[in-house]
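Notes to accompany the following structure.
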2 protein chains.
Amino acid sequence: MAQQKKISSKTVERMSQYRRVLGRLAESNATHVYSHELAYLCGLSAAQVRRDLMTIGFTGSSARGYDVSELLRRVSDFLGFSRERRLALVGIGYLGRALLDYFVDRNPIFRICAAFDADLDKVDRVIHGVRCYPVDKMGEILRPLQVQTGIITVPASAAQQVAFELVECGVTGLLNFAPVQLRVPPGVYLENLDLTSALEKVAYFAGNPADTEREMK
Amino acid sequence: MAQQKKISSKTVERMSQYRRVLGRLAESNATHVYSHELAYLCGLSAAQVRRDLMTIGFTGSSARGYDVSELLRRVSDFLGFSRERRLALVGIGYLGRALLDYFVDRNPIFRICAAFDADLDKVDRVIHGVRCYPVDKMGEILRPLQVQTGIITVPASAAQQVAFELVECGVTGLLNFAPVQLRVPPGVYLENLDLTSALEKVAYFAGNPADTEREMK
DNA sequence: TTCACGCTGTGAATTGATTCACAGCTACAA
DNA sequence: TTGTAGCTGTGAATCAATTCACAGCGTGAA
Ligand SMILES: NC(=O)c1ccc[n+]([C@@H]2O[C@H](COP(=O)([O-])OP(=O)(O)OC[C@H]3O[C@@H](n4cnc5c(N)ncnc54)[C@H](O)[C@@H]3O)[C@@H](O)[C@H]2O)c1
Ligand SMILES: NC(=O)c1ccc[n+]([C@@H]2O[C@H](COP(=O)([O-])OP(=O)(O)OC[C@H]3O[C@@H](n4cnc5c(N)ncnc54)[C@H](O)[C@@H]3O)[C@@H](O)[C@H]2O)c1
């Protein structure tokens, strides 16, 4: 079950994109895709796609390309869609609620199963279909469910404490939206999604068209 | 006023982070920072910080490090905080509202000045302090204000059309949250923020601790 | 049955980003 | 005044990601 080669985070991210467009292709009854088609739909190069599929050992046919449904299954397996994955969200503010609304019921085996907030007005009810608990119930709820992934949408001042508690509860992957650099023990994966930096970056290039050049990833 | 060397998008993103932590440092009355301190606060290496500051030609003192307020001013200038920047948001759903709530009034010279939606129930009022207009008023509103940056938070099915319209209105930088690969003409900067991929990536590494290894960027 | 086209799989090359490593400087201590 | 510890600025080295380029194959056409 061990991974032979190490998989880069970029590759995993692209797998998620492949999965999405393969889903659409499957819905439109396409049976095969060429690497250049998949690439186009994802905004990548054909060589990139072939390289990625190589890393998960998927192989296509030289004349017909890749079998859509087979590849979809393979990519889904790779991403862990074969067994249920449970996620938790902490911080039911504007952003937390947007995420709950979006992700709940979107995929039954990849689901946010609990939300937490320090504000007692927001807890002990169901928001967008997810049970909301006070933060001090975290361990009690998360441990038995073996939740592995946590989403942090609390203010920056509370984020480190929340991260620490989530890790204590057995979470090994964190998606952090708070604008602070969190410290996590080795073995815990941390991904920061910094909306402010992203926006300032876009504004920078919008205002400096000379730099935009070939910056179109 | 032209950029001599090309600036990478990664560097710009880090500039935004530097700006944030420099702001905090200034508030706490720190007068100087060493590259390794700034690096620690941003989760980067000291060499990286020095390299970045080199690209904007900022230079510190070998014994006291960098002057906080001077560097803050310099980085802010670099990012374009010296003149007002106007942004527009299209799609006043959950995510759009979260962004409006967060970015409005946070910085008066870097501001979302208009929001648009196709749903007539959502327009012609003020949400979180921002005027909301019907989509067909886009040109009329954006052109005179010289809005350069657009945020797209509409459903995937509408995103390409919205992107096209924004570009028509003179926008040269787009931050897209919709899970589709948009096509924009050369010279327009496009940044995709794909929350689903980000989440699936975290879930992947949460479930494959072996791969987490040195993946801690 | 044979041919030719256009695709895949993949080493090798390239490009880009990050880190190393160290010369040179500066403030402070003695 | 001199010594020194610890920092910056930066060329060179390394490491990571992407692209090139092409051998080899499978399919459909003739
Ligand atoms: N909304 C955005 O567009 C946006 C943009 C950039 C960054 N962010 C960051 O994302 C995070 C969330 O943003 P938001 O707009 O949803 O904020 P918000 O203020 O609307 O929500 C924060 C929520 O966290 C809860 N909370 C506070 N302390 C807590 C604790 N210790 N434990 C559990 N819950 C706690 C609050 O009760 C609140 O419900 C913030 O860190 C913010 O800086 C948001
Ligand atoms: N909310 C999340 O957490 C999340 C996660 C992943 C991806 N996304 C993506 O972000 C985007 C926005 O998500 P959301 O949850 O806010 O969606 P939402 O459905 O709550 O809001 C979409 C808004 O866009 C408006 N709209 C629809 N067509 C339009 C058009 N042609 N012109 C202008 N406005 C139009 C709708 O009236 C609505 O107000 C979607 O593309 C979604 O896939 C959101």
Side-chain angles (χ1 to χ4, degrees), chain A residues 3-15 17-18 22 25 30-68 70-71 74-75 197 201 205 211-217, chain B residues 3-15 17-18 22 25 30-68 70-71 74-75 197 201 205 211-217:
Chain A
Q3 227 73 44
Q4 60 285 50
K5 315 277 170 60
K6 64 162 185 289
I7 307 281
S8 94
S9 121
K10 298 269 193 80
T11 299
V12 176
E13 200 164 337
R14 286 190 295 262
M15 289 296 168
Q17 287 163 225
Y18 298 150
L22 287 166
L25 287 171
T31 61
H32 291 80
V33 237
Y34 292 122
S35 62
H36 69 262
E37 296 172 321
L38 197 45
Y40 178 80
L41 294 168
C42 296
L44 305 166
S45 72
Q48 180 80 84
V49 169
R50 295 204 299 275
R51 183 68 61 185
D52 283 336
L53 300 192
M54 205 176 82
T55 71
I56 59 165
F58 188 84
T59 166
S61 128
S62 57
R64 254 175 302 180
Y66 302 96
D67 183 296
V68 170
E70 233 177 277
L71 179 53
R74 196 64 147 56
V75 171
S197 300
K201 178 164 64 165
F205 286 107
D211 288 353
T212 302
E213 299 275 307
R214 275 299 76 206
E215 192 57 68
M216 309 303 336
K217 62 149 166 280
Chain B
Q3 226 73 45
Q4 63 284 52
K5 315 277 170 59
K6 65 163 187 283
I7 307 281
S8 94
S9 120
K10 297 269 192 80
T11 299
V12 176
E13 199 163 340
R14 286 189 297 263
M15 288 297 167
Q17 284 163 226
Y18 298 150
L22 287 166
L25 286 170
T31 62
H32 292 80
V33 235
Y34 293 122
S35 63
H36 69 262
E37 295 172 321
L38 197 45
Y40 178 79
L41 293 169
C42 297
L44 304 166
S45 73
Q48 180 80 86
V49 169
R50 296 204 298 276
R51 181 70 58 188
D52 283 338
L53 299 192
M54 205 176 82
T55 71
I56 58 164
F58 189 85
T59 164
S61 130
S62 56
R64 256 177 298 181
Y66 302 95
D67 183 295
V68 170
E70 233 177 278
L71 180 53
R74 195 65 146 57
V75 172
S197 299
K201 177 164 64 168
F205 286 107
D211 288 352
T212 302
E213 298 276 307
R214 271 302 75 202
E215 192 58 67
M216 309 303 335
K217 56 149 164 277

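Residue numbers begin at 1 in each chain, while the letters A, B, ... track the order of the sequences.
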Review point. Whole Å only: how far is the OH atom of Y34(B) from the P atom of dT8(D)?
Key: 7 Å
Revision key, fill the gap. Hits for side chain to side chain donor-acceptor pair (under 3.5 Å) against Y66(B), two or more places apart or cross-chain, chain-then-number order -> none
Practice item. List in chain and number order the residues that pass side chain to side chain contact (heavy atoms under 4.5 Å, CB included) with L41(A), two or more places apart in sequence or in another chain; answer none if no residue qualifies. Key: V21(A), L25(A)
Point to revise | Of D52(B) and F58(A), the one whose closest DNA chain C nucleotide lies more 5' | key: F58(A)
Practice item. Locate the shortest heavy-atom distance separating Q17(A) from S197(B); write the atom from each residue and the value. Key: CG-OG, 3.8 Å
Check your understanding: Going by modelled atom types, is there a donor-acceptor pair between the base of dT19(D) and the side chain of R51(A) at under 3.5 Å?
Key -> yes
Check your understanding: In chain order, what residues pass the side chain to side chain donor-acceptor pair (under 3.5 Å) check against S35(A), with sequence neighbours excluded?
Key -> R50(A)
Check your understanding: Within this structure, what is the CG-to-C1' distance between L53(A) and dT19(D), rounded to whole angstrom?
Key -> 16 Å
Practice item. Describe the nucleic acid contact of T59(B) in one word from base, sugar-phosphate, nothing, applying a heavy-atom distance below 4.0 Å. Key: sugar-phosphate
Review point. Between R14(A) and dA17(D), is there a side-chain N or O to OP1/OP2 distance below 4.0 Å?
Key: no
Exercise for review: Kindly compute the distance separating CG (L38(A)) from CZ (R14(A)), expressed to the nearest 0.5 Å.
Suggested key: 11.5 Å
Check your understanding: Is the distance from OP1 or OP2 of dT18(C) to the nearest side-chain N or O of S45(B) less than 4.0 Å?
Key -> no
Practice item. Give the rounded distance in Å between these two atoms: CZ of R50(A) and P of dC22(D). Key: 14 Å
Study note, to complete from the structure: Result for 5'-nearest mapping on DNA chain D, choosing between L44(A) and H36(B), is H36(B)
Check your understanding: Residues two or more places apart in sequence or in another chain: which of them pass ring pair (Phe, Tyr, Trp, His ring centres under 6.0 Å) with Y40(A)?
Key -> none
Review point. Is there side-chain contact between L71(B) and Y18(B), with heavy atoms separated by less than 4.5 Å?
Key: no
Exercise for review: Could you tell me the separation between the CD atom of Q48(A) and the P atom of dC20(D), rounded to a whole number of Å?
Suggested key: 12 Å
Study note, to complete from the structure: Tightest non-hydrogen contact, residues F205(A) and V12(B), listed as CZ-CG2, 3.9 Å
Check your understanding: In whole Å, what is the span from the CD atom of E13(A) to the C1' atom of dT18(D)?
Key -> 16 Å
**Study point:** Distance in angstrom units between L71(B) CG and dT8(D) P, rounded
**Key:** 11 Å
Revision key, fill the gap. With sugar-phosphate taken as primed atoms, P, OP1 and OP2 and all else as base, the protein-contact string of nucleotides 24-30 of chain D at under 4.0 Å (heavy atoms; B, S, -) is BBSS---
Review point. dC15(D) P sits how many Å from K10(A) NZ, rounded?
Key: 18 Å
Check your understanding: Between atom NZ of K201(A) and atom OG1 of T11(B), what is the distance when rounded to the nearest 0.5 Å?
Key -> 10.5 Å
Point to revise | Distance in angstrom units between L38(B) CG and dC7(D) P, rounded | key: 14 Å
Check your understanding: Given axes from five pairs at either end, by how many degrees does the helix from dT1(C)-dA30(D) to dA30(C)-dT1(D) bend, rounded to 10°?
Key -> 0°
Practice item. Indicate whether OP1 or OP2 belonging to dG9(C) is found under 4.0 Å from a side-chain N or O atom of Y66(A). Key: yes
Check your understanding: What nucleic acid atoms does S35(B) come within less than 4.0 Å of, heavy atoms only: base, sugar-phosphate, or nothing?
Key -> sugar-phosphate
Review point. In Å and rounded to the nearest 0.5 Å, what is the CG to CZ distance from L53(B) to R74(B)?
Key: 9.5 Å
